[in-house]
Amino acid sequence: MSKPQSLAERQAAFMRAILDEGAPLPEGWGNRQALGMSVYRGNYRSALVGALESTFERTARYVGEDTFKKVCAHHAIANPPAGWTIDETGKGFDTTCAELFVNNPEVADLAWLEWTMLSVSTAQDANRLAPADFAASTAKFGDEEWMTLRLIFKHRAEAKIVETNLSGLWNALGEDTESDPPPPRLDAPRGVIVSREDEQPVFQMVDPDNARAFEAMRGGATYGETIMLLAGDDESLEAIGQAALCAGAMLGEWLNEGLITALDR
């Protein structure tokens with residue numbers, strides 16, 4: 001005689017049956033429960049697709065309603081939300097788009113941008129570090145203090161290097177816009193930094209080195225390490241000096257844009 005399923009095992013079987021029509025039903029279920037499961041499965045998937053549609057509105061407009069629904073169904077089945085809110089089903093949607101739109105990488109970039117914009121919109125508030133306050137805090141820094149300087153950025157701010165015309169696509173795919181989307185590809189890679197300005201999520205296109213430096217320091221790199229990152233394989237004094245100038249200019253931009261909240265002491 002087989003051992004009865006535990007509650008956890010029955011719950012796991014229930015979840016598998018929701019996600020996979022071919023999976024066996026929980027132990028002891030009959031035709032009546034099977035019919036109910038088909039209804040529940042449809043409602044569950046519709047809810048997930050609805051959540052994705054509300055999160056990725058521009059991506060949906062770009063690929064078209066029918067195609068987007070198919071992508072949503074694929075993502076919802078392969079990546080069921082693990083958190084307490086159904087909105088988390090959007091996590092990793094850009095990866096799904098990258099897998100399904102191999103020849104159209106702009107779809108994944110657009111989905112990444114929409115998800116990151118949503119993420120920063122719900123991030124914890126933090127006051128920006130004013131340029132004057134930064135100058136006062138670093139006024140007595142020597143070379144060692146500058147080289148070991150670390151920064152704290154706005155919560156969930158993020159950067160990425162893309163070859164997609166995200167500014168053009170974002171504007172063309174807005175609700176109040178009826179213009180056709182522009183050519184999706186850029187002539188050369190660009191960086192994009194996503195953050196929040198007051199209560200509004202925003203993004204800006206920047207030089208690729210700016211995005212690389214931002215991600216490095218956001219991940220804990222020191223100012224000195226970031227300079228060496230910008231210098232690349234060229235370790236000459238001239239290259240390092242030029243990289244230091246570039247790093248200083250980027251630092252000024254980040255301060256003026258309100259991306260930095262504090263020095264990481």
Side-chain angles (χ1 to χ4, degrees), residues 47-62 68 72 81-95 97 106-137 150-162 164-179 181 190-207 210-211 213-220 250-265:
L48 293 184
V49 170
L52 290 169
E53 286 177 325
S54 65
T55 300
F56 300 97
E57 294 179 348
R58 282 175 167 83
T59 307
R61 293 191 191 103
Y62 187 70
F68 186 76
C72 288
W84 64 271
T85 171
I86 197 172
D87 291 337
E88 291 190 12
T89 193
K91 185 176 182 179
F93 188 68
D94 59 316
T95 302
C97 289
E106 70 274 7
V107 178
D109 287 338
L110 189 57
W112 171 85
L113 179 58
E114 291 201 89
W115 180 252
T116 308
M117 294 275 278
L118 176 64
S119 178
V120 299
S121 71
T122 59
Q124 180 182 349
D125 288 329
N127 293 326
R128 62 190 293 173
L129 179 62
D133 294 334
F134 177 85
S137 298
R150 287 184 169 87
L151 302 173
I152 298 175
F153 294 89
K154 282 189 173 179
H155 297 292
R156 299 182 187 173
E158 193 172 336
K160 183 180 181 180
I161 297 174
V162 300
T164 297
N165 181 9
L166 285 176
S167 292
L169 289 177
W170 188 267
N171 293 330
L173 295 168
E175 289 185 4
D176 300 327
T177 306
E178 297 182 358
S179 59
R190 293 282 288 166
V192 55
I193 297 178
V194 182
S195 63
R196 193 172 76 181
E197 190 173 288
D198 297 325
E199 300 298 319
Q200 185 70 27
V202 295
F203 74 93
Q204 55 183 307
M205 304 302 292
V206 297
D207 185 86
N210 193 317
F214 181 87
E215 277 297 281
M217 295 206 73
R218 188 178 73 91
M250 293 172 189
L251 180 57
E253 290 179 20
W254 299 340
L255 284 165
N256 290 327
E257 293 292 339
L259 296 171
I260 300 172
T261 61
L263 305 185
D264 189 1
R265 299 183 183 278

Practice prompt. For the residue pair T261 and L151, establish whether any side-chain heavy-atom pair is separated by less than 4.5 Å.
Written response: no
Worksheet item: Do the side chains of V192 and V206 get nearer than 4.5 Å, heavy atoms only?
Response: no
Practice prompt. For the pair W170 and F203, name the ring-plane relationship: parallel under 30°, tilted 30 to 60°, perpendicular over 60°.
Written response: perpendicular
Discussion item. Could you go through I193 and M205, starting from their C-alpha distance and side-chain angles, then the distance that decides it, and tell me whether this counts as side-chain contact (heavy atoms from CB on, under 4.5 Å)?
Written reply: CA-CA 7 Å; I193 297 178; M205 304 302 292; over 6 Å; no
Item to complete: Working to the nearest 0.5 Å, report the span between OG of S119 and NE2 of H155.
Response: 12.0 Å
Worksheet item: Nearest 0.5 Å, what's the CZ-CD1 distance between F134 and I260?
Response: 6.0 Å
Discussion item. Measuring only between side-chain heavy atoms, which start at C-beta, is W112 closer than 4.5 Å to V194?
Written reply: yes
Worksheet item: To the nearest 0.5 Å, how far apart are CD in E215 and CD1 in I161?
Response: 9.0 Å
Worksheet entry | N171 side chain to S167 backbone, donor-acceptor under 3.5 Å | yes
Discussion item. Tell me the closest heavy-atom pair linking A51 and S54, and the distance in Å.
Written reply: O-OG, 2.9 Å
Worksheet, complete the sentence: Here the pair of heavy atoms bringing A123 nearest to R156 is CB-CD, 3.8 Å
Worksheet item: Taking the six-membered ring for Trp, are F68 and F56 ring centroids under 6.0 Å apart?
Response: no
Response to the item:
Shortest non-hydrogen pair, E253 vs N210, comes out as OE1-ND2, 2.9 Å
Worksheet item: Under a 4.5 Å cut-off applied to non-hydrogen side-chain atoms, are L110 and Y62 in contact?
Response: yes
Discussion item. Looking at S121 and L118, would you say the former's side chain and the latter's main chain have a donor-acceptor pair under 3.5 Å?
Written reply: yes
Discussion item. Run W254 and F153 through ring pair (Phe, Tyr, Trp, His ring centres under 6.0 Å) and show every step you take.
Written reply: CA-CA 9 Å; W254 299 340; F153 294 89; 5.6 Å; yes
Worksheet item: Do you know the tightest heavy-atom contact between A111 and C97?
Response: CB-SG, 4.2 Å
Worksheet item: Any donor and acceptor pair, going by atom type alone, linking the side chain of E158 with main-chain N or O of T116 inside 3.5 Å?
Response: no
Discussion item. Working to the nearest 0.5 angstrom, can you tell me the gap between L129 CG and L263 CG?
Written reply: 6.0 Å
Worksheet item: Would you say the side-chain atoms of S195 pair up with the backbone N or O of L259, donor to acceptor, closer than 3.5 Å?
Response: no
Worksheet item: To the nearest 0.5 Å, what is the distance between CZ (R61) and CG (L169)?
Response: 12.5 Å
Worksheet item: Is any side-chain heavy atom of R190 less than 4.5 Å from a side-chain heavy atom of N165?
Response: no
Worksheet item: For the side chain of R150 and the backbone of G220, is there at least one donor-acceptor N/O pair under 3.5 Å apart?
Response: yes
Item to complete: Give a yes or no on whether the backbone of R58 and the side-chain of E114 come within a donor-acceptor separation of less than 3.5 Å.
Response: yes
Practice prompt. Heavy atoms only: give me the nearest A157-F214 pair and the separation to one decimal.
Written response: CB-CZ, 3.9 Å
Item to complete: Quick one: list whatever passes salt bridge (Lys or Arg N to Asp or Glu O under 4.0 Å) with E257, sequence neighbours left out.
Response: none
Discussion item. Just verifying a value: how many Å separate T55 OG1 and M117 CE, rounded to the nearest 0.5 Å?
Written reply: 13.0 Å
